[in-house]
Amino acid sequence: MKLKELESCLQQVDVFEDPKILLEQYPTSPHIAAHMLYTIHNTFDDIENKLVADLGCGCGVLSIGSAVLNAGLCVGFDIDQDALEVFKKNKEEFELTNIDMVQSDVCSLELASNTKRYDTVIMNPPFGTKHNKGMDMQFLKTALNMAQSSVYSLHKTSTREHVQKKANDWKVKMEVIAELRYDLPASYKFHKKKSVDIEVDFIRFCVT
Ligand SMILES: C[S@@+](CC[C@H](N)C(=O)[O-])C[C@H]1O[C@@H](n2cnc3c(N)ncnc32)[C@H](O)[C@@H]1O
């Protein structure tokens, strides 16, 4: 599938109806999601026929893209029932069978039972800026425990040194694949501008 085709396909994915600020419910734009998934698929061959987990899946843009790119199965995890309702509708509209969802707090996922069960973990985690400091690293630690091969994640560029230090501590190799401008729509009242650009790293963590 071509990148443009993937992007226009992901434009059909419905997003949060009433986003919850404390859960950092910012959807990944179809443009960014398509570029992430296209790279994971074409450069690293980490989607097709793989068992993929999407942590903090929200309404499912990354899960749906993975399923469209022929993941063996993609399982989305999110704490929020309302987001998962939208995920379910999206799944039905796309008529995908290689996709599933679990309502779960990623921080309390039973690590032992998930250990290395997935080939690939993909995520756009909460950045930990809404009274939930360290949430991005909790997601990353869980993802690294779940993945057999690779974890792909977005992190604020301003935290790159910290992320690198953690990766060193955990003896995991990381590579910044791309530096993105993440366009946060003014979906929350405290945003005065129409949208706010933040600099975000798209990172690959190599578990093996
Ligand atoms: C930045 S959004 C990304 C949503 C979606 N993956 C996407 O790319 O559009 C972060 C997601 O993490 C979920 N989330 C926040 N805290 C969570 C937790 N402790 N456990 C599971 N999901 C959580 C939110 O509900 C939200 O859907």
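Computed from heavy atoms alone, side chains included, the values below leave out hydrogens, waters and symmetry copies. Counting starts at 1 for both ligands and their atoms, following the listed order.
Of all the atoms in ligand 1, the ones that sit under 4.0 Å from a non-hydrogen atom of S104 are 20 (N), 21 (C). Residue V106 approaches ligand 1 through these ligand atoms, each under 4.0 Å from one of its heavy atoms: 18 (C), 20 (N), 21 (C). Annotation for ligand 1: atoms under 4.0 Å from non-hydrogen atoms of E24 are 1 (C), 2 (S), 10 (C). The distance from ligand 1 to the heavy atoms of C57 drops below 4.0 Å at these ligand atoms: 5 (C), 6 (N). For ligand 1, the atoms closer than 4.0 angstrom to any heavy atom of P27 are 9 (O). Listed by atom number, the atoms of ligand 1 under 4.0 Å from V61 heavy atoms are 7 (C), 8 (O), 9 (O). Counting atoms of ligand 1 from 1 in the listed order, those under 4.0 Å from a heavy atom of D105 are 18 (C), 19 (N), 20 (N).
Note on ring orientation: taking the six-membered ring where Trp is involved, the planes of Y152 and F44 are tilted (angle from 30° to 60°).
Put simply, the residue from K156, H155, R160 that forms a side chain to side chain donor-acceptor pair (under 3.5 Å) with D201 is R160. Under the side-chain contact (heavy atoms from CB on, under 4.5 Å) test applied with I64, the options L37, L69, L96, D54 reduce to a single match, L96.
Proximity of I79 to ligand 1, defined as any heavy-atom pair under 4.0 Å, is shared by backbone and side chain alike. Looking at F127 against ligand 1, nothing comes within 4.0 Å, counting heavy atoms. Only the side chain of F139 comes within 4.0 Å of ligand 1, judged by heavy-atom distances. Using a 4.0 Å cut-off between heavy atoms, A33 makes no contact with ligand 1 at all.
Within the set A83, G56, P19, G76, the minimum heavy-atom distance to atom 6 (N) of ligand 1 is found for G56. Nearest residue to atom 7 (C) of ligand 1 from L23, T28, V102, L22 is T28 (criterion: closest heavy atom).
With respect to D45 and K50, no salt bridge is recorded, no charged nitrogen being found less than 4.0 Å from a carboxylate O.
Shown here is Q81, whose CD atom has more than 12 heavy atoms of other residues, nucleotides or ligands within 6.0 Å. No more than 12 heavy atoms of other residues, nucleotides or ligands shown are found within 6.0 angstrom of CG on D18.
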side-chain contact (heavy atoms from CB on, under 4.5 Å) between C9 and F94, intermediate numbers included: CA-CA 9 Å; C9 169; F94 276 79; 3.5 Å; yes

Stepwise side-chain contact (heavy atoms from CB on, under 4.5 Å) check, V207 with K173: CA-CA 7 Å; V207 180; K173 280 194 196 138; over 6 Å; no

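A side-chain donor-acceptor contact under 3.5 Å links Q25 and D80.
D14 and V86 make their closest contact through O-CG1, 3.7 Å (heavy atoms, listed as atom of the first residue, atom of the second, distance). Contact detail for A33 and V61: the closest heavy-atom pair is CB-CG2, 4.0 Å.
What sits closest to atom 27 (O) of ligand 1 on the protein, heavy atoms only, is D78 OD2, 2.7 Å. Here the heavy atom of the protein found nearest to atom 3 (C) of ligand 1 is N124 O, 3.4 Å.
An N or O contact shorter than 3.5 Å is missing between D80 and ligand 1 by distance.
In this structure, S108 has no heavy atom closer than 4.0 Å to ligand 1.
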